[in-house]
Engineer: 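Take this structure, written in structure tokens, and hold onto it; I'll ask about it next.
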Protein chains: 2
Amino acid sequence: MVYELAADPSSFKEKKVITIGIVSELTGLSERQIRYYEERKLVFPERTPGGSRRYSFVDVEQLVEIANKIEDGVQTYEIRQEMIKEKKKHKDEAHKKMIQGQLNARFGVRKY
Amino acid sequence: MVYELAADPSSFKEKKVITIGIVSELTGLSERQIRYYEERKLVFPERTPGGSRRYSFVDVEQLVEIANKIEDGVQTYEIRQEMIKEKKKHKDEAHKKMIQGQLNARFGVRKY
DNA sequence: ACGTTTGTGTAAGAAAACCTAACATGATTT
DNA sequence: AAATCATGTTAGGTTTTCTTACACAAACGT
């Protein structure tokens, strides 16, 4: 079994630091579109104390994917359903991995 | 001889996308300090069409280093000199590497 | 020792960027 | 036919950023 590297939580790619104007520039989407996709629960920017949205590079990448799907005629609602399924899958995998880890800890091959 | 991988130019780490407010938050430096270090030619943010500064994660890292040196009593002027020397060194290395490449191309061991 | 540079804070006024809410509209769905 | 979707646009308001200027203690150079 192959273990992936744990995603570095301090990773730059996930840091929410980009303003909507720049996101618009990077993606080619209008600010209206970007805010609308948030309304449809497809992206989740953070906010500054003052209330301005801040996105990560991962968000930017996802926005591009979303835009592509929409261009292919997929509705935001469907995209959202896909996302939920994806998330569930990942959760299940994580769960399985955890169980596996516990089994290994008790009965598995010792690595030391 | 070991060749490094060419730095991905589309790398997010080098993309200038962060506003000064966020940089201030990330580094703990005041906006005044950040602008001053630019005045002393230690950082080089890009500008939006409207004139707002945009920094990269690399810039952020460098700002932290700069701040540390200053805290150690090093003056911006000296820091700048170090930077210039560093840059020259890299340029020389690149130059040497290029020459080496040309020599290899003519007289070196063929790789095919 | 004295004048100068350094590094930083703060204030003022203006411009840029962002926010929400609302109305409009053509295309799809239902 | 009515409702929903996806997007544009406008309006008024707030936040963020910009430059310039003045202040001042600490460090530096001569």
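Scope of the values below: all heavy atoms of this structure, side chains included, with no hydrogens, waters or symmetry mates. Chain identifiers are assigned alphabetically (A, B, ...) following the order of the sequence lines, protein sequences preceding nucleic acid strands; residue numbering begins at 1 within each chain. Keep in mind it's a predicted model, so treat the numbers as computed, not measured.
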Engineer: Which is more 5' along DNA chain D, the nucleotide nearest P49(A) or the one nearest S30(A)? Just name the residue.
Structural biologist: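 It is S30(A) whose nearest nucleotide is closer to the 5' end.
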
Engineer: Are any of R53(A)'s side-chain N or O atoms less than 4.0 Å away from OP1 or OP2 of dC18(C)?
Structural biologist: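 False: R53(A) side-chain N/O out of range (4.0 Å or more) of dC18(C) OP1/OP2.
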
Engineer: Just the rounded figure in Å: distance from C1' of dC5(D) to NZ of K69(A).
Structural biologist: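 K69(A) atom NZ is separated from dC5(D) atom C1' by 18 Å.
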
Engineer: Does E14(A) use its side chain to pair, donor to acceptor, with the backbone of S11(A) at less than 3.5 Å?
Structural biologist: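 No, the answer is negative, given that no donor and acceptor are paired below the 3.5 Å cut-off.
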
Engineer: Taking E65(B)'s backbone N and O only, do any of them form a donor-acceptor pair with N68(B)'s side chain (distance below 3.5 Å, no angle check)?
Structural biologist: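 Not a single qualifying donor-acceptor pair exists.
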
Engineer: Ignoring hydrogens and geometry, is there a side-chain-to-backbone donor-acceptor pair from K16(A) to F44(A) under 3.5 Å?
Structural biologist: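 Side chain of K16(A) to backbone of F44(A): a pair is present.
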
Engineer: In whole angstrom, give the distance that lies between atom CD of E39(A) and atom C1' of dA22(C).
Structural biologist: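 Atom-to-atom, E39(A) to dA22(C), this comes out as 12 Å.
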
Engineer: Would you kindly compare G50(A) and R32(A) by the position of their nearest DNA chain D nucleotide and give the one closer to the 5′ end?
Structural biologist: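 Comparing both residues, the 5'-ward one is R32(A).
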
Engineer: Which of these nucleotides, dC5(D), dC18(C), dT17(D), is closest to any side-chain atom of T76(A)?
Structural biologist: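 Selected nucleotide: dC5(D).
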
Engineer: Between dC5(D), dT19(D), dT8(C), spot the one nearest the side chain of Q33(B), thanks.
Structural biologist: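 Out of dC5(D), dT19(D), dT8(C), the nucleotide with an atom closest to Q33(B)'s side chain is dT8(C).
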
Engineer: Just how far, in rounded Å, is C1' of dT10(D) from CD of E31(A)?
Structural biologist: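 Nearest whole value for this atom pair: 14 Å.
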
Engineer: Taking NZ from K41(A) and P from dA6(D), how many angstroms apart are they, rounded to a whole number?
Structural biologist: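 After rounding, the reported distance stands at 15 Å.
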
Engineer: Given the rule in the side-chain contact (heavy atoms from CB on, under 4.5 Å) test, do I66(A) and K69(A) qualify, once you have shown the distances and angles that lead to the verdict?
Structural biologist: CA-CA 5 Å; I66(A) 291 166; K69(A) 288 185 185 169; 5.9 Å; no

Engineer: In whole angstrom, what separates R35(B)'s CZ from dA21(D)'s P?
Structural biologist: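 Answer to the nearest Å: 16 Å.
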
Engineer: Kindly point out which of dA17(C), dT17(D), dT8(C) is positioned nearest to the side chain of T48(B)?
Structural biologist: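 Closest of the options to the side chain of T48(B): dA17(C).
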
Engineer: Between P on dA27(D) and CD on E78(B), what's the gap in Å once rounded to a whole number?
Structural biologist: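 My rounded result for the distance is 14 Å.
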
Engineer: Are K41(A) and I84(A) packed together at the side-chain level, in the sense that at least one heavy-atom pair is separated by less than 4.5 angstrom?
Structural biologist: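 Result no, sub-4.5 Å side-chain heavy-atom pair not found.
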
Engineer: Closest-nucleotide mapping onto DNA chain C: is Q75(B) or Y55(A) further toward the 5' terminus? I mean the 5' end.
Structural biologist: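 Mapping each residue to its closest nucleotide by heavy atoms, the 5'-most match is Q75(B).
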
Engineer: Can you find a side chain N or O atom of T19(B) that sits less than 4.0 Å from OP1 or OP2 on dT17(D)?
Structural biologist: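 Yes, T19(B) has a side-chain N/O under 4.0 Å of OP1/OP2 on dT17(D).
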
Engineer: Can you see if the side chain of Y37(A) gets near the phosphate of dT7(D) - specifically, an N or O under 4.0 Å from OP1 or OP2?
Structural biologist: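 Yes, within the criterion.
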
Engineer: Is it the case that the base of dT6(C) and the side chain of R40(B) share a donor-acceptor contact (distance under 3.5 Å, atom types as modelled)?
Structural biologist: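 There is none.
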
Engineer: Of the nucleotides dA17(C), dG7(C), dT15(D), which one has an atom closest to the side chain of I70(B)?
Structural biologist: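 The answer is dG7(C).
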
Engineer: Whole-Å distance between dT20(C) C1' and I34(A) CD1?
Structural biologist: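 It is 16 Å, rounded to the nearest whole Å.
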
Engineer: With respect to the side chain of R47(A), which nucleotide from dA17(C), dG9(C), dT20(C) is positioned closest?
Structural biologist: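 Nearest listed nucleotide: dT20(C).
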
Engineer: Measure from CD on E38(A) to P on dA21(C) and round the result to the nearest Å.
Structural biologist: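 Whole-Å distance recorded here is 12 Å.
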
Engineer: Quick one: which of dT6(C), dC18(C), dC5(D) gets closest to the side chain of Y36(A)?
Structural biologist: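 Ranking dT6(C), dC18(C), dC5(D) by closest atom to the Y36(A) side chain puts dC5(D) first.
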
